Amino acid sequence: MTGLTMTSPLLKTPATGATATVRVPGTSANLGPGFDSLGLAVSLYDTLSITVLETPALEFELSGEGVESLPRDASHLVVKTMDLVWERLGYSRGGLRVSASNVLPHGRGLGSSASAIVAAIMAANALVAPADQQDDAWVLQLASELEGHPDNVAPAIFGAVAVSWQEAAGFASAKVMPHAGVIPVAAIPDVELKTERARGMLPATVPHADAAANSGRAALLMHALSAEPTLLLAGTRDYLHQDYRAEAMPGSAALVAQLRQEGHAAFISGAGPTVMTLANGVEEAELIVHRINELGASTSMPAISGVSWRVLRLQVDLEGAKVEVHPSL
Ligand SMILES: Nc1ncnc2c1ncn2[C@@H]1O[C@H](COP(=O)(O)OP(=O)(O)OP(=O)(O)O)[C@@H](O)[C@H]1O
Ligand SMILES: N[C@@H](CCO)C(=O)O
């Protein structure tokens, strides 16, 4: 690794030749009643490698999700985010090679934008001089600002279940380890729904009775997730967002209703349209996978069978994003 160089009296540059690689999990936000506050990390991972080049070029090696549609210039979310990190830390960017292996589907409610932002911040932070590097609380603050809410970025950074909140001093998050029996099952539809559109469907106010009922379920959910998974069905009941957004994802709304009627803790993952179900043990997880495939193939519920579902039995990721830096050879 070459030493840090000065491009102006004020700005430093990251060390040329170094590569930072970040492996970041996807996340499921809201978990039913935890709108904009609860989320959990799942065992689906994007990998981002950033190499600082000697030339001013921006090179992209993208694979997987978004390969056809993502921009290959400074407007790419990863580059925009890294530029902001370096600006705040007093650095300027030269050339970069951005290598991304994208597994998380975009606009499906699995936190792809949050994971991209977290990976970019962690890579940029790892490439500055050790004395300038910031801690995870700083990463959480900046990532939440960029994403607009902390419920996806917190579990992407820390893993497990994250309970996040905001006060005058900024965003904060507590990590809660889930009961070992909790198994997330994702049903990912082949249609995209932009978070921005889903947020636009929410009302400005909700009835006090709904807010009160929702508070009770969110509190119950934390107990169910950490200690008593038999209560997951009751704990994942939401009153604040899913009904208001159902029109934009009728197949997902129908699948959530059907699975809940059959006793499974299903909810819309993030802003949708992925349906997440939290199983209590392997046997229930296998049953849920089988049942979703069956409903998708049956003609008796056209709202569900009219959508093509990719069903994945996952695990809760307990560690969150990991970064490694390789100096130049
Ligand atoms: N790995 C990535 N690299 C660059 N841009 C990305 C990446 N992942 C997501 N994005 C950008 O974020 C957009 C998707 O963000 P959006 O908030 O709509 O959905 P999401 O994050 O997948 O879902 P949710 O927030 O509901 O969990 C993509 O269309 C793309 O512009
Ligand atoms: N809490 C967010 C998650 C998606 O980014 C929402 O439901 O809009």
Side-chain angles (χ1 to χ4, degrees), residues 22-42 44-50 58 60-83 98-123 143-144 146-156 162-166 171 184 186 188-189 191-203 214 218 238-246 248-249 252 267-276 321:
V22 186
R23 180 178 183 257
V24 60
T27 53
S28 181
N30 299 331
L31 311 182
F35 181 75
D36 274 2
S37 59
L38 300 182
L40 65 77
V42 296
L44 287 173
Y45 301 91
D46 276 357
T47 306
L48 175 71
S49 284
I50 303 292
L58 273 181
F60 289 85
E61 292 172 353
L62 309 180
S63 64
E65 298 289 336
V67 71
E68 305 289 341
S69 54
L70 291 174
R72 289 162 193 261
D73 56 30
S75 69
H76 188 286
L77 182 58
V78 162
V79 180
K80 273 199 305 190
T81 303
M82 294 185 71
D83 280 348
V98 178
S99 306
S101 169
N102 296 334
V103 168
L104 303 172
H106 296 175
R108 307 292 166 85
L110 288 167
S112 68
S113 55
S115 292
I117 287 169
V118 165
I121 295 174
M122 289 179 74
S144 302
L146 294 177
E147 180 72 357
H149 38 89
D151 50 345
N152 289 106
V153 300
V163 186
S164 307
W165 67 98
Q166 186 180 14
F171 293 94
I188 309 171
V191 282
E192 210 177 306
L193 175 62
K194 291 275 184 207
T195 301
E196 204 180 337
R197 183 176 163 221
R199 290 182 84 81
M201 300 177 82
L202 298 176
N214 200 77
D238 149 71
Y239 294 80
L240 297 185
H241 61 99
Q242 291 182 177
D243 287 349
Y244 297 107
R245 292 168 159 176
M249 45 185 136
S252 303
F267 51 85
I268 298 295
S269 183
T274 288
V275 172
M276 190 66 75

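What you see is a predicted model, and the numbers here were worked out from it, not measured in a lab. First listed ligand is number 1; within each ligand, the first listed atom is number 1.
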J.: Counting only nitrogen or oxygen atoms and a 3.5 angstrom limit, does Thr27 reach ligand 1?
T.: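 No, since none of the N or O atoms of Thr27 sits under 3.5 Å from an N or O of ligand 1.
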J.: Looking only at heavy atoms, which two atoms of Leu110 and Ser269 are closest? And how far apart?
T.: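 Here Leu110 and Ser269 meet closest at CD2-OG, 4.0 Å.
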J.: Could you tell me the residue and atom name of the protein heavy atom closest to atom 9 (C) of ligand 1, and the distance to it rounded to 0.1 Å?
T.: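 It is Ser112 OG, 3.2 Å.
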J.: Test your reading of the structure: does Ser269 have an N or O sitting under 3.5 Å from an N or O of ligand 1?
T.: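 Ser269 vs ligand 1: no N/O contact under 3.5 Å.
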J.: Of all the heavy-atom pairs spanning Ala29 and Asp151, show the shortest one and how long it is.
T.: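 Nearest heavy atoms, Ala29 then Asp151: CB-OD2, 3.3 Å.
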J.: What's the shortest distance from atom 29 (O) of ligand 1 to any protein heavy atom, and which residue and atom give it?
T.: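 Closest protein heavy atom to atom 29 (O) of ligand 1: Lys194 NZ, 2.6 Å.
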J.: How close do Ser112 and Gly107 get, heavy atom to heavy atom, and via which atoms?
T.: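 Scanning both residues, the minimum pair turns out to be OG-N, 4.0 Å.
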J.: Give the residue and atom name of whichever protein heavy atom lies nearest to atom 12 (O) of ligand 1, and the separation in Å to one decimal.
T.: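 The protein heavy atom lying closest is Ser113 CB, 3.5 Å.
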J.: How close do Leu48 and Ala100 get, counting heavy atoms only, and between which atoms?
T.: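 For Leu48 versus Ala100, the nearest heavy atoms are CD1-CB, 4.1 Å.
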J.: If you measure from each heavy atom of Gly109 to ligand 1, is any distance below 4.0 Å?
T.: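 True for this residue.
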J.: Can you check whether His241 reaches Arg199 side chain to side chain, under 4.5 Å on heavy atoms?
T.: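 His241 does not reach Arg199 side chain to side chain.
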J.: Kindly write out the residues that satisfy ring pair (Phe, Tyr, Trp, His ring centres under 6.0 Å) with Phe171, not counting sequence neighbours, or none if the list is empty.
T.: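 With sequence neighbours excluded, Phe171 shows a ring pair (Phe, Tyr, Trp, His ring centres under 6.0 Å) to no residue whatsoever.
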J.: So is there a nitrogen or oxygen of Gly270 less than 3.5 Å from a nitrogen or oxygen in ligand 1?
T.: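 The answer is no, given that Gly270 and ligand 1 share no N or O pair closer than 3.5 Å.
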J.: Does some non-hydrogen atom of Gly107 fall short of 4.0 Å from ligand 1?
T.: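 For ligand 1, residue contact (heavy atoms, under 4.0 Å) with Gly107 is present.
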J.: Which value, rounded to the nearest 0.5 Å, describes the distance between Thr81 atom OG1 and Glu147 atom CD?
T.: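 One finds 10.0 Å between OG1 of Thr81 and CD of Glu147.
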J.: Looking at side-chain heavy atoms only, is the closest gap between Met276 and Leu40 below 4.5 Å?
T.: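 They are not in contact (no side-chain heavy atoms under 4.5 Å apart), so the answer is no.
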J.: Just let me know how His76 lines up against ligand 1, side chain, backbone, both or neither, with a heavy-atom cut-off below 4.0 Å.
T.: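 The side chain, only.
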J.: N or O contacts of ligand 2 with protein under 3.5 Å, please list pair by pair.
T.:
unit_1   : atom_1 : unit_2 : atom_2 : d
ligand 2 : 1 (N)  : Asn30  : OD1    : 2.9
ligand 2 : 1 (N)  : Asp36  : OD1    : 2.6
ligand 2 : 1 (N)  : Asp151 : OD2    : 2.6
ligand 2 : 5 (O)  : Asn152 : OD1    : 3.3
ligand 2 : 7 (O)  : Asn30  : ND2    : 2.8
ligand 2 : 7 (O)  : Arg245 : NH1    : 2.9
ligand 2 : 7 (O)  : Arg245 : NH2    : 3.4
ligand 2 : 8 (O)  : Arg199 : NH1    : 2.6
ligand 2 : 8 (O)  : Arg245 : NH2    : 2.8

J.: Among all the protein's non-hydrogen atoms, which is closest to atom 27 (O) of ligand 1, and how far away is it?
T.: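 For this ligand atom, the closest protein heavy atom is Gly111 N, 2.7 Å.
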J.: May I ask you to identify the nearest protein heavy atom to atom 8 (N) of ligand 1, giving residue, atom name and distance to one decimal place in Å?
T.: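 Answer for atom 8 (N) of ligand 1: His106 NE2, 3.1 Å.
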J.: Side chains of Leu202 and Tyr244, heavy atoms from C-beta outward: is any pair under 4.5 Å?
T.: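 Result yes, sub-4.5 Å side-chain heavy-atom pair found.
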J.: Could you tell me whether some N/O pair between Thr195 and ligand 1 is separated by less than 3.5 angstrom?
T.: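 Min N/O separation from ligand 1 is below 3.5 Å for Thr195.
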J.: Closest approach of Ile50 and Ala123, non-hydrogen atoms and distance?
T.: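 The answer is CG1-CB, 3.9 Å.
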J.: Apply the side-chain contact (heavy atoms from CB on, under 4.5 Å) test between Ile268 and each candidate in Ser252, Ser28, Pro273; give the one that qualifies.
T.: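 The side-chain contact (heavy atoms from CB on, under 4.5 Å) with Ile268 is passed solely by Ser252 among Ser252, Ser28, Pro273.
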J.: What is the minimum heavy-atom distance between Arg197 and Ala248, and which atoms define it?
T.: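 Smallest heavy-atom distance, with atoms named: NH2-CB, 3.8 Å.
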J.: What is the nearest protein non-hydrogen atom to atom 11 (C) of ligand 1, stated with its residue, atom name and distance?
T.: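 Going by distance alone, atom 11 (C) of ligand 1 is nearest to Leu77 CD2, 4.0 Å.
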J.: Counting each atom of ligand 1 from 1 as listed, which ones have a heavy atom of Ala271 under 4.0 Å away?
T.: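 Ligand 1 atoms under the 4.0 Å threshold to Ala271: 26 (O).
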J.: If we only consider heavy atoms of Ala29, is any one of them less than 4.0 Å away from an atom in ligand 1?
T.: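 It does not, in that no heavy atom of Ala29 comes within the 4.0 Å cut-off of ligand 1.
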J.: Under 4.0 Å, heavy atoms only, figure out whether ligand 1 is touched by the backbone of Leu70, its side chain, both or neither.
T.: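 Just the side chain.
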J.: Do His76 and Leu62 make a side-chain contact, defined as non-hydrogen atoms from C-beta onward lying under 4.5 Å apart?
T.: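 Yes, their side chains come closer than 4.5 Å.
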J.: Which of the atoms of ligand 1 are close to Asn102, meaning less than 4.0 Å from one of its heavy atoms?
T.: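 That gives atoms 1 (N) of ligand 1.
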J.: Are the side chain of Asn214 and the backbone of Pro33 linked by a donor-acceptor contact shorter than 3.5 Å?
T.: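 Yes; at least one donor-acceptor contact below 3.5 Å.
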J.: Taking 4.0 angstrom as the limit and counting only heavy atoms of Arg108, give me the atoms of ligand 1 inside it, by number and element.
T.: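 Counting atoms of ligand 1 from 1, those under 4.0 Å from Arg108 are 22 (O).
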J.: Between Thr195 and Ser113, is any pair of side-chain heavy atoms under 4.5 Å apart?
T.: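 Heavy-atom side-chain distance check fails, nothing below 4.5 Å.
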J.: Using heavy atoms and a threshold below 4.0 Å, how should the contact between Ala116 and ligand 1 be classified: side chain, backbone, both, or neither?
T.: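 For Ala116, only side-chain atoms sit under 4.0 Å from ligand 1.
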